[in-house]
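Each ligand, and each atom within it, is numbered from 1 in the order the structure gives. Values reported hereafter were calculated over all heavy atoms of this structure, with side chains retained and with hydrogens, waters and symmetry mates removed.
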Amino acid sequence: MTSAFDTPVAIQSIPPLSALAPCDTLVIAVPESGELSPTARVLDESQGGWVSRAIAAGTIRCKRGETTLMPGFSEDGAAMVMFIGVGDLTELTRSQAFDLGATAIRQLTDKSRSRVIVAIGEVIGSEFHDAVVAGAVTGPSNQSLYSTEPRVFPPEALDWTAVDPSAIEQGRIVGESINLTRHLVNEPPNRIFPESFAEVAKQIAGETGLAVEVWDEQRLADEGCRAMLAVGAASSKPPRLVILRHRGGGEQEPIYAVVGKGVTFDSGGLSIKPSEGMVDMKCDMAGAATVLGVMRAVALLKLPIHVVGLCGLVENMIAGNAYRLGDVIETRSGKTIEILNTDAEGRVVLADVLDVAIQHEPVAMIDLATLTGACMVALGRDVTGMMTNHAGLIGEVTQAARHEGELVWELPMFEHFGEQVKSKVADIKNIGDGRWGGAITAAKFLENFVESVPWVHLDIAGPAFNDAAKPARDGGATGVMVRTLIHWLRSKT
Ligand code: BES
Ligand code: MN
Ligand code: ZN
């Protein structure tokens, strides 16, 4: 595996066209105003005003995201021309710019193309250039990883008119990092399990200069990570903890921590899931995959800060040595937990991982986890649930999410929810008293392991994985929150 998953091979900046240029496809952006960009004008003039007439007549549509694909006009120009509507330019957002790039390129992956010229940068503001490139880079990413006949053909070269090389580089890094996260989540659970995930992490670390440490089951035992070991006990695949470090700041500067749930398959354990609930549970490592994607980007963007990323990797299975209902586990922190449902395994894993994370003394910590079905009941398929012990930090994350156009919503951490995870036998139990408020009682459980570190918990159970395709992406993994976390970390520089 290489880190440039499903990514166009060569991406470069070129000036707006001053004459027709040979290529497989020329992508022209059209704003609602109908105004022609320099490259569109070249095309229009070569065809006696055909483009402007087609826009005026509505044959070429300008609504945001609408595409019109047609054969090219002359032998020395593009074989195909794609027009993509941008809508009202004054209302364009970064996520819409990202989706424009993704939608355009995704549509061009039906057959192999050697050169695609993209003239979107001439139309949209330069503050959106990195976003549209990032989107375009994600356009070919898809879930058909094991179809023996290729179904998706990433363009071999993308040439961007009027986009600064630095915006191209930043967009490429972010887009490829999203593709890495998606790819790992889309991989089947017989391929991606704790050890193989850790191997990918080592490879990414080697390519990007991240420091990496992998704790195997012996080290986990030595470190007292009994909660991780309990959840992973019944699997033939032993657990791993991956610790990635980016040291871009000065000696005395603060550390930020990102932590991910990495359950490579969640059968539910002895509290076994029905088939309908188990079928997509390869996605239960999306938090860890997000951490790896974000760490890759942080390293390649050379952000001048310190970041530590931790991935808690286990497989939740069933065997004679499975952890049981009624078991009491002494976590790494020393706090004891009573297991009342082995399907509430993510919080048990995170209990140890958060404890390792706070030993790095981060000034702020964000965890990501496909933690609860209850969060999907509360917020639906597309919204990330946020819970916190720190109003300032959740404000920062909210702002970063708003900047990137990812959907987040805070759920309350009122004290009484914490009562529900108190145990009669141990310090805490791993489920609440009923199903009501299940996303929050899970977060209250986690809060026991973060001490006084400012912390935000992101429940991505809804948005991390969605079987339905959209114009801007294939079904399957979404890479949600990669952009938001990169932007949050960037805001620290
Ligand atoms: N991984 C699941 C949560 C999940 C559900 C993620 C659907 C993505 C899609 C988690 O480990 C789980 O099983 N949670 C239980 C908790 C319950 C037993 C308290 C749930 O949500 O039902
Ligand atoms: Mn579970
Ligand atoms: Zn789970």
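Distances from the Zn ion (ligand 3) to each N, O or S atom of Glu345 single out OE2 as the nearest.
Geometrically, ligand 1 and Lys273 share a nitrogen or oxygen pair separated by less than 3.5 Å.
The protein heavy-atom contact nearest to atom 9 (C) of ligand 1 is Met281 CE, 3.5 Å. In this structure, atom 2 (C) of ligand 1 lies nearest to the protein heavy atom Asp266 OD2, 3.6 Å. At the top of the distance list for atom 12 (C) of ligand 1, counting protein heavy atoms only, stands Asp343 O, 3.2 Å. Atom 16 (C) of ligand 1 has Arg347 NH2, 3.8 Å as its closest protein atom, hydrogens excluded (heavy atom only). For atom 10 (C) of ligand 1, the closest heavy atom belonging to the protein is Leu371 O, 3.2 Å.
At a cut-off of 2.8 Å, Lys261 is counted among the residues with an N, O or S atom near the Zn ion (ligand 3). Here Asp343 does not reach the Zn ion (ligand 3): none of its N/O/S atoms is less than 2.8 Å from the metal.
For the pair Lys282 and Phe265, the cation-pi test (distance below 6.0 Å, angle within 45°) is failed.
Taking the charged nitrogens against the carboxylate oxygens, Glu127 and Arg94 have no contact shorter than 4.0 Å, which rules out a salt bridge.
The closest approach between Met285 and ligand 1 stays at or above 4.0 Å for every heavy atom of the residue.
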